[in-house]
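Note on naming: letters A, B, ... go to the chains in the order of the sequence lines (proteins, then strands), and numbering restarts at 1 for each one. None of these values were measured; they are calculated from a predicted model.
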Amino acid sequence: MSLVDPARAGESFIQLLTPEGERVTHPDYAFDVGTADEAEVIRGFYRDMVLTRRIDVEATALQRHGELGIWTQLLGQEAAQIGCGRALRPHDYVFPTYREHGVAYCRGLDPLHILSLFRGVDQGAWDPNAHNFANYTIVIGAQTLHATGYAMGVQRDGAVGTGDPDRDTSVVAFFGDGASSQGDVNESFIFAASYNAPVVFFCQNNQWAISEPIERQSRIPLYQRANGFGFPGVRVDGNDVLAVHAVTQAALQYTREGNGPMLVEAYTYRMGAHTTTDDPTRYRMSEEVEYWKLRDPIARVKAYLVRQGLADQAWFDEVEREADEIGARLRDGCRALPDPNPLSIFDQVYAEQTTELADQRDGFAAYLESFEGAR
Amino acid sequence: MSKVTLAKALNAGLRKAMDNDPKVLVMGEDVGKLGGVFRITDGLQKDFGEDRVIDSPLAESGIIGTAVGLAMRGYRPVCEIQFDGFVYPAYDQIVSQVAKLHFRTHGKVKMPMVIRIPYGGGIGAVEHHSESPEAQFAHTPGLKVVTCSNPVDGYFMIQQAIASDDPVIFLEPKRQYHADKAELDESATPLPLHASRVAKAGSEVTLIGYGPTVKTCLQAAEAAAGEGRSVEVIDLRTLSPLDLGPTFDSVRRTGRAVVVHEAHTNLGMGAEISARITEQCFYSLEAPVLRVGGFDTPYPPARIEEEYLPDLDRVLDAVDRSLAF
């Protein structure tokens, strides 16, 4: 039975906004926006989540129309990604899986870069240093080691534990419940712990690894794994953007200060399929999905904003209009993405081109030129 | 000038590279205090500190995976895999990440990483300590693969590999570590990293070896000379990219080629080299290109490894067969 009740999630389940949109308090974590206007920040989160969901919905539709080869839906995980993404500072560094479209949005990455990958125009060729957002990694869990190594570099650069907020840097490694079984993830826990590296291991436990439920990966709550590796782990309501933001902010600060790694388990739910080629009706009950629909990450923020009188209909309409704009831009932008030149592949393999590959390129170019009507 | 072993030459080369560039890091199992099980990194941690010479947890994928992140942060990690047969836990990181990141990002991410692997047999070791996995890496686009056969090449090639912006699999013939000494002139001008060389000139048969088999080939050439046969020996040095120019020049003169390696013969480097010689030197060939390699069995127990490895007699037998065509 995997009809998961958050009540089962354990005493560490941190929640600051209930599914009904009521603010609640937690003894250890508070939603803290510093000197900013809190209502403005929460409206911003709402907007971020709506726009992220629209990006996801548009991309799913583009796949259905044959414009993308495949799409990895994030539906239902908006709060986990926006709450975390908005807690980051510009000089923090993110190592995503292939589903962090919301985090990418927070980092300022043009979604067309991501569509490019799933359209098969490239393989996710954005400059990671442009937004401190590494390239999508498809091999499950491999990026957690990259994040740990990057954090070891941060340590060697003296950019941790100095007390200077503009210098101290944290590195966030995204992974999922399925990846928690991978050797690389466990090795990254060990390396980060051994070297006290500033890594926030951010696990979106969305309950399903394609068709396999969380019970196949772990017999204890995932956040408790951290204990065995010697660093703290917490479980947060991953559908509560305020709680995710509060917990991530604390975890980032903890790691920046030089206390070593920390694990955040964002307890959420994959509302959609694993990818557009997946059919979840083969392995999970619709009542489970219905249950989680009542815990929608966006609906609870809207309920809060409406009930508190923090946003009126005109404001919500404006966000919808913005979403429509993004949708139109993605549809047009996706179709306009140019196919790569087949000869370009030869030039991208090495920093220093080899004679062998240059010869292979020339041979293939001559072959293409040999066809009648070739340019 | 002084006479040094391959182990000492590699140590000196690593030290020079670390002196020249503060971004160069050495990492691996037991590379720090112990100086590596073969002592290649001896004394480096003492002189460069624990931040630059990193004793890693005992996890090969972890070593290479964290090295990827360090490279992304601007460092130049030199990773030691303790033995050839222990590289496989890191195989995914090497093949799927290290090799592909430059391609995936259209060059926006570079992987200036060296993965040092002591390889080959002949030291009487237990299983997994005597393997020759070079073809598996040479088959992977995005990696460069080189191997040194002598102290002078060891000293210069390790520095060139570290200076390369591409990931380099650096294969060290462990049997040679503490074997023959050679004069090392540190001020000499080295060959480029990705160049092969004629190790001994000859006119009747071309013997092509690399790493540990260069010595065997040179001994074979000497023995053949005693029987009035002139054998040319090529030391390939670079396996990916291959530099077969000197090999083609040689085979066009000799008309006969024998490739010698310790790795399994089936789909080994010899197969590729043979195919390319056939493509490029077809009208010069007087005999089919022959291969002498390890058999297509797992590496055997140490008491019979000398039968498994291509030795002087098996190489000479192939030379005779080539000449008999």
Side-chain angles (χ1 to χ4, degrees), chain A residues 93 95 117 122-130 134-139 141-157 159 169 171 173 182-184 186-195 197 199 340 344-358, chain B residues 22-23 25 27 49-52 54-75 77 89-90 92-93 95-97 99-112 141-144 164-167 193-194 238 240-245 276:
Chain A
Y93 212 99
F95 284 81
L117 188 168
D122 59 36
Q123 292 169 332
W126 59 82
D127 178 359
N129 290 331
N135 309 88
Y136 272 10
T137 299
I138 293 177
V139 176
Q143 74 284 353
T144 57
L145 280 170
H146 307 166
T148 302
Y150 191 91
M152 289 162 64
V154 166
Q155 290 177 297
R156 279 156 183 75
D157 294 341
T169 300
V171 183
Q182 285 282 357
D184 276 2
N186 288 272
E187 290 185 20
S188 70
F189 285 1
I190 288 164
F191 275 64
S194 179
Y195 299 124
V199 187
S344 67
I345 59 172
F346 298 98
D347 303 326
Q348 293 159 356
V349 183
Y350 296 105
E352 190 189 337
Q353 178 65 303
T354 67
T355 313
E356 286 179 332
L357 213 44
Chain B
K23 292 292 187 185
L25 307 176
M27 55 196 292
E50 291 184 15
D51 268 359
R52 292 190 64 196
I54 307 169
D55 268 328
S56 76
L58 215 164
E60 288 77 10
S61 189
I63 295 168
I64 305 301
T66 53
V68 168
L70 281 159
M72 287 182 72
R73 181 77 187 181
Y75 286 87
D92 170 65
Q93 284 287 348
V95 170
S96 295
Q97 306 300 333
K100 292 186 175 130
L101 267 158
H102 187 278
F103 185 78
R104 183 183 304 149
T105 62
H106 296 177
K108 295 180 192 82
V109 173
K110 292 187 171 51
M111 277 293 120
L143 300 176
K144 289 180 174 172
S164 169
D165 278 339
D166 288 308
L193 181 59
H194 298 293
T238 175
S240 179
L242 272 169
D243 172 36
L244 291 182
R276 293 203 202 180

Ranked by heavy-atom pairs below 4.5 Å to chain A, first place among B:His194, B:Gln97, B:Lys100 goes to B:Gln97

Original post:
Counting only N and O atoms by type, is there a donor-acceptor contact under 3.5 Å from the side chain of A:Glu187 to the main-chain atoms of B:Gly65?
Top reply: no

Honestly, the part of A:Asp127 sitting under 4.5 Å from a heavy atom of chain B is both

Review point. Quick check: does any side chain N or O of B:Lys108 sit under 3.5 Å from a backbone N or O of A:Pro128, one acting as donor and the other as acceptor?
Key: no

Turns out that what part of A:Val171 lies under 4.5 Å from chain B's heavy atoms comes down to neither

OH (A:Tyr195) and CD1 (A:Ile190) are apart, to the nearest 0.5 Å, by 11.5 Å

B:Thr105 side chain to B:Leu101 main-chain N or O, any donor-acceptor pair under 3.5 Å?
yes

Highest number of heavy-atom pairs under 4.5 Å with chain B among A:Gln143, A:Gln123, A:His146 belongs to A:His146

Under 4.5 Å to a heavy atom of chain A? For B:Ser96 that would be side chain

For residues 348-358 of chain A, the side-chain hydrogen bond (donor to acceptor under 3.5 Å, both in side chains) pairs (sequence neighbours left out) are A:Glu356-B:Arg276

The interface call for A:Ala193 against chain B, heavy-atom contacts under 4.5 Å, is neither

Between A:Arg156 and A:Met152, is there a donor-acceptor pair closer than 3.5 Å when you use the side chain of the first and the backbone of the second?
yes

The interface call for B:Asp243 against chain A, heavy-atom contacts under 4.5 Å, is neither

Checklist line | Flag side-chain contact, heavy atom, 4.5 Å: A:Phe346 against B:Pro141 | finding: no

| Min side-chain heavy-atom separation B:Leu70-B:Met27 under 4.5 Å | yes

Okay, A:Ala142 and chain B: the region with an atom under 4.5 Å from a heavy atom over there is both

Okay, A:Ile138 and chain B: the region with an atom under 4.5 Å from a heavy atom over there is neither

Comparing B:Val68, B:Asp165, B:Asp166, B:Leu242 against chain A, the one with the most heavy-atom pairs below 4.5 Å turns out to be B:Asp166

Under 4.5 Å to a heavy atom of chain B? For A:Phe189 that would be neither

The interface call for A:Asp157 against chain B, heavy-atom contacts under 4.5 Å, is both

Comparing B:Lys144, B:Arg73, B:Lys110, B:Arg104 against chain A, the one with the most heavy-atom pairs below 4.5 Å turns out to be B:Arg73

Any side-chain heavy atom of A:Phe95 within less than 4.5 Å of one from A:Thr137?
-> no

If one checks every heavy atom of B:Leu25 against chain A at 4.5 Å, the contacting part turns out to be side chain

Whatever's closer than 4.5 Å to a heavy atom in chain B on A:Ser188 counts as neither

Cut-off 4.5 Å, heavy atoms of chain A, and the answer for B:Ser56 is both

Among A:Thr148, A:Asn129, A:Asp122, A:Val154, the residue with the most heavy-atom pairs under 4.5 Å to chain B is A:Val154

Are the side chains of B:Asp92 and A:Asp184 in touch, meaning some heavy atoms are under 4.5 Å apart? yes

Check your understanding: Is the side chain of A:Trp126 donor-acceptor paired with the backbone N or O of A:Ala134 at a distance under 3.5 Å, no angle test?
Key -> yes

